[in-house]
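Sequence lines set the chain letters: A, B, ... in the order given, protein chains first and strands last, and positions in each chain run from 1.
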2 protein chains.
Amino acid sequence: MNFKKMLENEQIKPYLLKARYGVEKEGQRVDLTGKLAATTHPKTILMSNEHPYIKRDFSETQLELVTPVTDSLEELFDYLSAIHEVTYRSMDKDEMIWPLSMPPGLPADEKDIVLAKLADPEGVRYRELLAQEHGRRKQMISGIHYNFEFGEELIQKLFKAQSEITKYHQFKTKIYMKITRNYLHYRWLITYLYGATPSSEKNFFEDKSLDQPVRSIRSSKYGYVNCKDIQVSYSSLEKYISDISTMVEQGRLLEEKEFYADVRLRGGNKVSDLEERGIRYIELRNIDINPFEQNGISYQQAEFLHIFLIYMLWIDESEQHDDWVTEGEKRSEKVALEHPLAITEFKAEAEAMLNEIEHMVENFELSVSENLFDTLREMVTDPSKTLAGRLFKQSEQSNQSQVATRLGKAYYDEAWNNPYQLAAFTDMELSTQLLVFDAIQQGIEVDIIDRHDQFLKLVLNDHEEYVKNGNMTSKDSYIASLIMENKTVTKKILHKQGFRVPQGEEFNDLANALRSYHQFSTMAFVVKPKSTNYGLGISIFREGATYEDYTQALTLAFKEDSSVLIEEFLYGTEYRFFVMNDKVQAVMARIPANVTGDGAKTIEELVAEKNKDPLRGRDHRTPLEKIQLGELEILMLKGQGKQPSSIPEKGEVLYLRENSNVSTGGDSIDVTDHIRDDYKNIAVKSVAALGAKISGLDLIIKDIEVPAANDNAYGIIEANFNPSMYMHIFPYKGKSRRLTMELLEYLFPELIKK
Amino acid sequence: MNFKKMLENEQIKPYLLKARYGVEKEGQRVDLTGKLAATTHPKTILMSNEHPYIKRDFSETQLELVTPVTDSLEELFDYLSAIHEVTYRSMDKDEMIWPLSMPPGLPADEKDIVLAKLADPEGVRYRELLAQEHGRRKQMISGIHYNFEFGEELIQKLFKAQSEITKYHQFKTKIYMKITRNYLHYRWLITYLYGATPSSEKNFFEDKSLDQPVRSIRSSKYGYVNCKDIQVSYSSLEKYISDISTMVEQGRLLEEKEFYADVRLRGGNKVSDLEERGIRYIELRNIDINPFEQNGISYQQAEFLHIFLIYMLWIDESEQHDDWVTEGEKRSEKVALEHPLAITEFKAEAEAMLNEIEHMVENFELSVSENLFDTLREMVTDPSKTLAGRLFKQSEQSNQSQVATRLGKAYYDEAWNNPYQLAAFTDMELSTQLLVFDAIQQGIEVDIIDRHDQFLKLVLNDHEEYVKNGNMTSKDSYIASLIMENKTVTKKILHKQGFRVPQGEEFNDLANALRSYHQFSTMAFVVKPKSTNYGLGISIFREGATYEDYTQALTLAFKEDSSVLIEEFLYGTEYRFFVMNDKVQAVMARIPANVTGDGAKTIEELVAEKNKDPLRGRDHRTPLEKIQLGELEILMLKGQGKQPSSIPEKGEVLYLRENSNVSTGGDSIDVTDHIRDDYKNIAVKSVAALGAKISGLDLIIKDIEVPAANDNAYGIIEANFNPSMYMHIFPYKGKSRRLTMELLEYLFPELIKK
């Protein structure tokens, strides 16, 4: 079958870069000095080995991080990054992940390497057998497994372009068998470029069998390989299956999965499934952990592997399948054992191959990272640019363990830097990022079905839930959200149920509203558009208004909405009650932007100082916003006889804003434990009256010490159907309330039972 | 207590016109010739006498229409109008409502007047006693009862402005007692202006006791009054209560409610409740039906009654309460029995009173209808302008019965003219109007809590449901609506469940989309913005596209939304499946605007002819839209080698639009009974997969005769979370599917059990 020709079809090109990916990445838990952790697997990560993303491999210290299958490399790396961050922030604060494939210094007695403490007795038994068969030391090597499947449409189109094979699954198998043989033949290039295990740490070798640095211990005979006599033929799928089965039957392999090939053919639970269903995807297992990447693999590596696999399909192979593979093995072994700074024996071939791949990429109009091939060619010319070369050179200045510890610490710092976000998902809302974090930690599968729209699908076993914006769920009814969205309807319902809401009226035209002037002229009142939310078009009159001011306020409000509300103004502090499932989960006081004087610093300096808080940022990327010193703030200061250069007295509190929104620099203060129960009861009952399950209820309370039953003690301003959760989780002051976790437990009550 | 002074306070003024209203209006069912109906109460009106809006009074033919309590006169008349329309359209098509207080010609033998056939034996027994006591004839008189309550805020403010009375309910009682006495004293003015029963019809009087025309038979001793010895004192509430109780005890009244006063004091189920709770509102009962109004009372009448009641509070009264009332009774009787065209004996006093009321209105800055007082003064000067005068004068030309029949028929026509709407609610969406119609018919209380926002509260006994836009309810979850709102999420979920959706991709920037040109270049595809709905920014390529056209289409689409979908174009007809509660309720084919030639008329003439259909209108005020002949239609004709002046052949169908939206003149054709069950199953299962309960699913089907399992037989385009219902209820062709009724039965399953 002439794949070369088939691939060169115009209709095929758009599909060549469409594929599905998955990565598994192992790594040892160590303390911040690089010493193997003595602790058990983190308690905050539930579900031990049922966890879809964070597992234990051979030993109790060996993490295995697993991404879901993704449709793009971007997604793959986003998940990889998020899973890493969750793992870091779930571990003890004085632990990190060792950034090398070769394990950190091991105990002198390999018996002190603790096997993974799994609940499942089968898993424990298998590890005991492995320890017996291969020794515990070798099992401590970590690596990257790169799972790859061509897009269905590509295979379909290729299938239709030929007539030789009539069964689709056989055709797929043919494709992946060719790729696998070619990959095994040419894998030495990958070993050269991405090999990254030049040296081992203390006690890895019992017998000092390897005493000079190489490109990849892991890919060599000293690494994680089967013994010489385990040989499997890739000449056909049938042969491959029967070879493995025979060896398991003969007891030469403990299990099928003990066959440590550089490429594993995948497509079922058991190898024999492959025959019936065909190969669905392949797993590249010869990738060392890249020490220079927090994720252990770079985007360019993953991208090149994809292109390399297209090339493996494109170039011809030898008809002598077994020899072809064996020759590849020999070459890879040679390259693996070359000195990390030595020019490789296969330099000329490497250069030719890269040129040919680049030509193919251009010919197929594949869009790849800029400089991809320049970088690769440089690595061929200059071995110190390869991963092994870089690690070796850096280690020369101190030692490999110190380099690894330094790199590991840097990734650790990065993961802990902004604990309120997921670095790969900062384009999403903070509350959604936190929910994704908690879901990953709890072992709930997260499918981001519309990232732009904050739309998640969460799956735990057979239980599916959809969530939008962090808190829009199946728990609320459609009409409850619409009730909350409509301020007039909300007020009418609450009023009817006997709750105190600001009195007022809705107007649909200016003339009517003007006619009602006398109704409001001498009271404290607010004019606001009915449905906008961000303070636009709102005027507050604390002591009545002249007819002129009244007219102007109405004109402003009608610019924002065709319906305008005039309501009594309620005196007091605004509290946000976050109610979920008939319970007050958190109460937050929101205080307008302010600074407190120290008798020395100017207002400007005090603002700058307060803005240093890492929780303060801009554009809702952080839990709090930086305080501005703009027109409004300066006006507000002027009203108090101050300016930015004024020096407030020690302890003097200066407000810089009238409104208390966190988005304009306000402070969020958790007061959940300080609010009287009667107010909490009102909040719970109000939300129930609206028929809602998740709501952020805003109450004005005159004095939280005073009973709610007192005259005008409180008023309910509005019910928010999309209340933010992050501000309760990262308040300016007070206790953090992990609402995203509460939400998960509400959606998945089975989590609590575990 | 000086109410005059208290009312003149600036702070009181804004509240004087705030009040709560309710109207009960009786009326006899007659056939279209004005003959008393021989039929029973309409079967479509459920719940017999438990019905909140449409009841039977004394006889089986006597309707009693009852509005809910409203906060404004506008609302009051809207409900009155809607209840009338529902009543008309629930009656036999050859019946109408007699527009006079005096009944139509009665049977010679009063035994042939059929008492209301109530299920409740108490009610039947009471009517039998009434018939025995007063005779059946008198009970056939109909009237208007006008219920009035001052706004709570007004009473509160007046209460706080005095210190004489310390109990709020006693203060309220004082107000209403004064108003009642003054009203009874001055009611002759109302009798003069609004009396409208100059003559009776055949067999009303057994003995011809009244043989000349008067102003108001009903308000005179010949009307619906208790016998002379039934006298009750209004000097105090205690006296009033004890007088009535005594008469009931003595058997001089059958029940408390048999006391037919012109003003009834209200505030509890029994008269004795009044003592404890105070008077809550008053019921004016001396209002004849206004024959010149479909609703039996005009807005100006209701408005004047309100002002008249303020005046009753404002003006002084005599300390001799009983004499004061008795004098009023005498005057009213005199006025009632004056000739309808005679100048009234109390002309000078009437004029003085109107001037004083007008002066009060100006002084209080009350906004009232223009010309209100000019009109009233004219009625005083010229008796032929009074209601009795007008009816009498018109009757002189033929006879009263003919005039009444003609007026009744006009109201009947009005009610039937646009059966798809409620005349008072045409500012609301058609589906909501139809839902309100059905709710009223079913006896479900309808509270329009936000008219502008189509927000209804429906109540049946203790069961409350909120509905927005006719079909957004508590039955759907919040997340299901958000899933349907998001086309990408909808498609992903349906695709995963194995349903056929158009293949395609979402792009968030132009560059990425352009790069995918080859993926679509040779297929039939559609470019569309992700979230707009009205066809804006959509381009269809039926046979692939050049790169230039592709670029242009994308540029257009990105103008509408930051996310753009490119999808395969599906060939076939678009069908809307309306799914509710896991059942396909209706299926509609939507056909682009078109005309069918007759071999004689031009396209322009054919369009004009088709547009005559009363279902076709503009701006969604009717179930179908008029076909336009604008730029797009002319372009479309041009493509077929035609122009508006072309004459299509007989039977030739010409399409004037590419899109099939009803909003651009398309035809809606009900095909519910013609669609294969497999497509219906797909619709039900798809909607279930989205977790939705109410959804309008759009399917493209190639051929509805072909099984859905066939290759590419169908594709699901989108799921609408706010599907319109009216187009299924009033289709262009095919069977009407009363979805609003189905919705009510879904929300209130107890309706079906009845």
Trainee: Which one, B/Thr488, B/Thr473, B/Asp453, leads in non-hydrogen pairs under 4.5 Å with chain A?
Mentor: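 Most pairs with chain A among the choices: B/Thr473.
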Trainee: What is the distance from atom OG of A/Ser474 to atom OH of B/Tyr478, rounded to the nearest 0.5 Å?
Mentor: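 One finds 13.0 Å between OG of A/Ser474 and OH of B/Tyr478.
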Trainee: Would you indicate whether the side-chain heavy atoms of B/Phe455 and A/Ile483 approach each other to under 4.5 Å?
Mentor: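 A/Ile483 reaches B/Phe455 side chain to side chain.
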Trainee: Between B/Lys491 and chain A, with a heavy-atom cut-off of 4.5 Å, which part of the residue counts as in contact: side chain, backbone, both or neither?
Mentor: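 Contact with chain A is absent: no heavy atom of B/Lys491 under 4.5 Å.
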Trainee: Below 4.5 Å from any heavy atom of chain A, which atoms of B/His518 appear? Answer side chain, backbone, both or neither.
Mentor: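 Its backbone and side chain both get close to chain A.
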Trainee: Is the backbone of B/Leu482 close enough, under 3.5 Å, to the side chain of A/Lys468 for a donor and an acceptor to pair up by distance?
Mentor: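 A pair under 3.5 Å: no.
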Trainee: With only heavy atoms counted, which part of B/Tyr15 is less than 4.5 Å from chain A, the side chain, the backbone, both or neither?
Mentor: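 Just the side chain, heavy atoms under 4.5 Å.
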Trainee: For B/Lys475, which atoms come within 4.5 Å of any heavy atom of chain A: side chain, backbone, both, or neither?
Mentor: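 B/Lys475 has no heavy atom closer than 4.5 Å to chain A.
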Trainee: I'd like to know if the side chain of A/Lys492 reaches the main chain of B/Ile449, judged simply by a donor and an acceptor atom lying under 3.5 Å from each other, with no hydrogens or angles considered.
Mentor: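 Yes, the answer is positive, given that a donor and an acceptor are paired below the 3.5 Å cut-off.
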Trainee: Heavy-atom distances under 4.5 Å only: say whether A/Glu465 touches chain B with side chain, backbone, both or neither.
Mentor: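 Contact with chain B involves no heavy atom of A/Glu465 at all.
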Trainee: Heavy-atom distance under 4.5 Å between the side chains of B/Glu153 and A/Gln503, does that happen here?
Mentor: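 Touching, per the 4.5 Å side-chain cut-off.
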Trainee: Any idea which of B/Met472, B/Gln11, B/His452, B/Lys13 has the most non-hydrogen atom pairs under 4.5 angstrom with chain A?
Mentor: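 Of the options given, most contacts go to B/Met472.
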Trainee: Just so I know, are the side chains of B/Ile493 and A/Tyr466 near enough to count as touching, which here means a heavy-atom distance under 4.5 Å?
Mentor: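 Side-chain contact under 4.5 Å: yes.
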Trainee: Using 4.0 Å as the upper bound for N to carboxylate O, is an ion pair formed by A/Lys18 and B/Glu505?
Mentor: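 Here B/Glu505 pairs with A/Lys18 in a salt bridge, since their nearest N and O are under 4.0 Å apart.
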